[in-house]
Protein chains: 4
Amino acid sequence: MPRPGRPAGPAPDTSTVVLTAALELLLTEGAAALTPQRLHTATGVSRTTIYRHWPTPHALLCDLIEVAPARTHVPSGDVRRDLHSEVDLLCDRLRDKPVGGFLQALVAAASVDPDTAELRRRYVEDLLAPFHAALAHTAPDEAARTDAAMSIAAPLLVDALLLGRPAHRDRAHRTVDEVLERVPRT
Amino acid sequence: MPRPGRPAGPAPDTSTVVLTAALELLLTEGAAALTPQRLHTATGVSRTTIYRHWPTPHALLCDLIEVAPARTHVPSGDVRRDLHSEVDLLCDRLRDKPVGGFLQALVAAASVDPDTAELRRRYVEDLLAPFHAALAHTAPDEAARTDAAMSIAAPLLVDALLLGRPAHRDRAHRTVDEVLERVPRT
Amino acid sequence: MPRPGRPAGPAPDTSTVVLTAALELLLTEGAAALTPQRLHTATGVSRTTIYRHWPTPHALLCDLIEVAPARTHVPSGDVRRDLHSEVDLLCDRLRDKPVGGFLQALVAAASVDPDTAELRRRYVEDLLAPFHAALAHTAPDEAARTDAAMSIAAPLLVDALLLGRPAHRDRAHRTVDEVLERVPRT
Amino acid sequence: MPRPGRPAGPAPDTSTVVLTAALELLLTEGAAALTPQRLHTATGVSRTTIYRHWPTPHALLCDLIEVAPARTHVPSGDVRRDLHSEVDLLCDRLRDKPVGGFLQALVAAASVDPDTAELRRRYVEDLLAPFHAALAHTAPDEAARTDAAMSIAAPLLVDALLLGRPAHRDRAHRTVDEVLERVPRT
DNA sequence: ATTTAACCGAGACGGTACGTCCCGTCTTTAC
DNA sequence: GTAAAGACGGGACGTACCGTCTCGGTTAAAT
């Protein structure tokens, strides 16, 4: 039963203009720059409008995380090859701003707003998911597979986020091989 | 040639009062709360004085990082036992505020001020150092030892910082054993 | 020749609902509260509709001044008695919100919008009119009658509006008598 | 016992600049224009500073009422002459902005903020005071003197404030004479 | 004991951003 | 055509910090 009146929510234009500018800002200047004021000066959309639709930083990040470029999907062949290509993919994504910057921003935002911590968790798990998927049909138990995925991916995240250096790609490839030695292949 | 007049620098009292309050603030409310204003209301030391001695947030963090409780040193016995105890120690430290919170705050601060990124790197490397040390006399080459240390410690950091959950202690212990299987012991 | 379509102007419901709410608002919260926004939240009538029918605050006050309770008319007997009863009536009206508040609000509104000054003038003259009427057949010249009316009524208005105290009824009655001593009766 | 630190309160410069601009604004554009924003654009003094020292409109009016040009004092000779000259003086003051505008502003401000009503009362009583003073040694009782003062002055105030027309000087002079006929002179 | 340089506190001041509120206009939809 | 719902830009509001500054009083060394 449609009520009268203009449909709620931002007009499509407004939404895309603001969100793309937000992503841009986030990646070029970090999470701290992601303020209504900055979005206003960057887009020309009035501060009022921005507050109307995204009253909290969290609301913005929520919308943003869906706009952010989805990871390129890899259908998969055999386990080893899949893992290696996932390693390369993750390294690339961490190097290029879109993922590394986003993650950095999420961590910073989560340190202020506890609600955002949940977003951060989901985002990180999405990054780890491909490794779990690739390992799906290998190890006997769930725990072992999680161990393996973490061993491979965690060092890359630490490189990029905590040590501020490029993800150490070769080491990750070596780790893949070592992991597979211990794991019965299908 | 000592000039006359009162020696420069904050009086010892002022310094300790401010720095302990700063640490407290950092850990309970995050890096964003670490402002002269907040320090003033927390300590009663006047804003003017704080600005005088720590003109930038970075300066404060610099002094702070030296005050922060140094890690308890473990003089080593054999490799396996050392690694296991380092794992336990790191897990404990990440669970307790002083380290986990400090790290979180550093990451957030670094996302605003690039200078602080260096502090963050040093702090993380200090966390990883014990693992390097424990492995010092094992693997043939430097790279292999770094790989090993990262495999063990990185997943713990990712748990604590990015997934917001307690560091997965058992997995780390398993990883220690797996790593040692591959590494020729001395 | 009635044109097709719905007749112009607000539906009777809308009009009365809005105007009564407007009067209520004006008297309880003053002229500054008389905004479309407030009327909307008070009545449920949509902001759009209110803007359509009363584009300016002035338009609202115009309609409102006609809705406002008209003074109770006193068909006269002799001059003295009429004047005394008019004094009592004016004192009562100034004490009760509907007139005292309305006048207060008009003065405030006029200080913002010059157009409203005209409304204010008309309203005040309506308050003074009964005194002129009662004196109609007394004094020789127009000027003397106006003097007399003002001497009686003005102090009451000053009491209520400028000194924020109840109109000084007794004094006004005394003034009536003094005035009549000087004025030849018909 | 002087506490350390800079003396509290606005610097003399700031104070005079703001208050003179405030008076100017009040008289040329009315009470509604007397906002921190307007004062800022008019004086260049920052909005923050203005809020610091005059947090409410009431605070501003308080300071302003003391800056506002004090009435020219008339030492007095005989009663009749004093009253006539006071009438002329009041008419002049009501005609020239400084008093008429100020009063208008006070009435408008008081209709929003009850605290300001007190200021308004004091201001009006200051306007009436000279008439009381002139009559001081005439009538037998206090009440009669108050009656007389109000009969003379109130119509002038009503003219200027409520009817928006120049104060009716001649009528007031006539009233003075009528009043004095009834009052035993010293 | 003076000098002298620095500390320290209180607060003014300009500036920027915040988040809120209301305004007046408009667009979209339903009746 | 009325009415409702709501987007949108604009402006002011009052608040909170920021970083700098100007005052005044205090303290601790070196002479």
Chemist: How do C:Ser46 and A:Pro12 order along DNA chain F: which one's closest nucleotide is nearer the 5' end?
Modeler: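 The answer here is C:Ser46.
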
Chemist: Under the side chain to side chain contact (heavy atoms under 4.5 Å, CB included) test, which residues partner B:Thr49, sequence neighbours left out?
Modeler: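 Scan of B:Thr49 (side chain to side chain contact (heavy atoms under 4.5 Å, CB included), adjacent residues dropped) gives B:Thr14, B:Val45, B:Ser46, B:Arg52, B:His53.
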
Chemist: Closest to the A:Arg6 side chain: E:dG24, F:dC13, F:dG6?
Modeler: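 Looking only at heavy atoms from C-beta outward on A:Arg6, the closest nucleotide is F:dG6.
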
Chemist: Suppose we screen for side chain to side chain contact (heavy atoms under 4.5 Å, CB included). Which residues come up paired with A:Ala32, at least two apart in sequence or across chains?
Modeler: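 With neighbours one apart ignored, the set is B:Val112.
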
Chemist: Using whole Å, report how far CG of A:Asp13 lies from P of F:dG6.
Modeler: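 Rounding to the nearest Å, CG of A:Asp13 and P of F:dG6 are 20 Å apart.
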
Chemist: Could you pull out all residues at least two apart from B:Ala33 that satisfy side chain to side chain contact (heavy atoms under 4.5 Å, CB included)?
Modeler: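 Side chain to side chain contact (heavy atoms under 4.5 Å, CB included) list for B:Ala33, sorted by chain: B:Leu25, B:Glu29, B:Arg38.
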
Chemist: Heavy-atom contacts under 4.0 Å between residues 47-54 of chain D and DNA chain E, which residues?
Modeler: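 DNA chain E contact set from residues 47-54 of chain D: D:Arg47, D:Thr48, D:Thr49, D:Arg52, D:His53.
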
Chemist: Taking CG from A:Leu60 and P from E:dG19, how many angstroms apart are they, rounded to a whole number?
Modeler: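 Between P of E:dG19 and CG of A:Leu60: 11 Å.
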
Chemist: Pick the nucleotide of DNA chain F nearest each of D:Pro36 and B:Leu34; which residue has the one closer to the 5' end?
Modeler: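 Mapping each residue to its closest nucleotide by heavy atoms, the 5'-most match is D:Pro36.
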
Chemist: Between P on E:dC22 and CG on C:Leu39, what's the gap in Å once rounded to a whole number?
Modeler: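 The answer, rounded to whole Å, is 12 Å.
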
Chemist: Relative to the 5' end of DNA chain E, which residue comes earlier, B:Val45 or A:Pro55, by the nucleotide with the nearest heavy atom?
Modeler: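 Going by which nucleotide is closer to the 5' end, it is B:Val45.
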
Chemist: Can you name the residues that form a side chain to side chain contact (heavy atoms under 4.5 Å, CB included) with C:Ala59, not counting sequence neighbours?
Modeler: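 Here the qualifying residues are C:Trp54, C:Pro55, C:Thr56.
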
Chemist: Tell me: CZ of B:Arg38 to P of F:dG19, nearest whole Å?
Modeler: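 Going from B:Arg38 (CZ) to F:dG19 (P), I get 15 Å.
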
Chemist: Using the side chain to side chain donor-acceptor pair (under 3.5 Å) criterion, which residues pair with C:Glu24? Sequence neighbours excluded.
Modeler: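 If we apply the side chain to side chain donor-acceptor pair (under 3.5 Å) test to C:Glu24, skipping adjacent residues, there are no hits.
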
Chemist: Expressed as a whole number of angstroms, how long is the span from A:Gln37:CD to F:dG10:P?
Modeler: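 Taking atom P of F:dG10 as the reference, CD of A:Gln37 is at 13 Å.
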
Chemist: Which heavy atom of A:His40 sits nearest to which heavy atom of A:Arg47, and what is that distance?
Modeler: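 Where A:His40 meets A:Arg47 most closely, the heavy atoms are ND1-N, 3.8 Å.
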
Chemist: Whole Å only: how far is the NE2 atom of B:His40 from the C1' atom of E:dG11?
Modeler: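 Going from NE2 in B:His40 over to C1' in E:dG11 covers 10 Å.
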
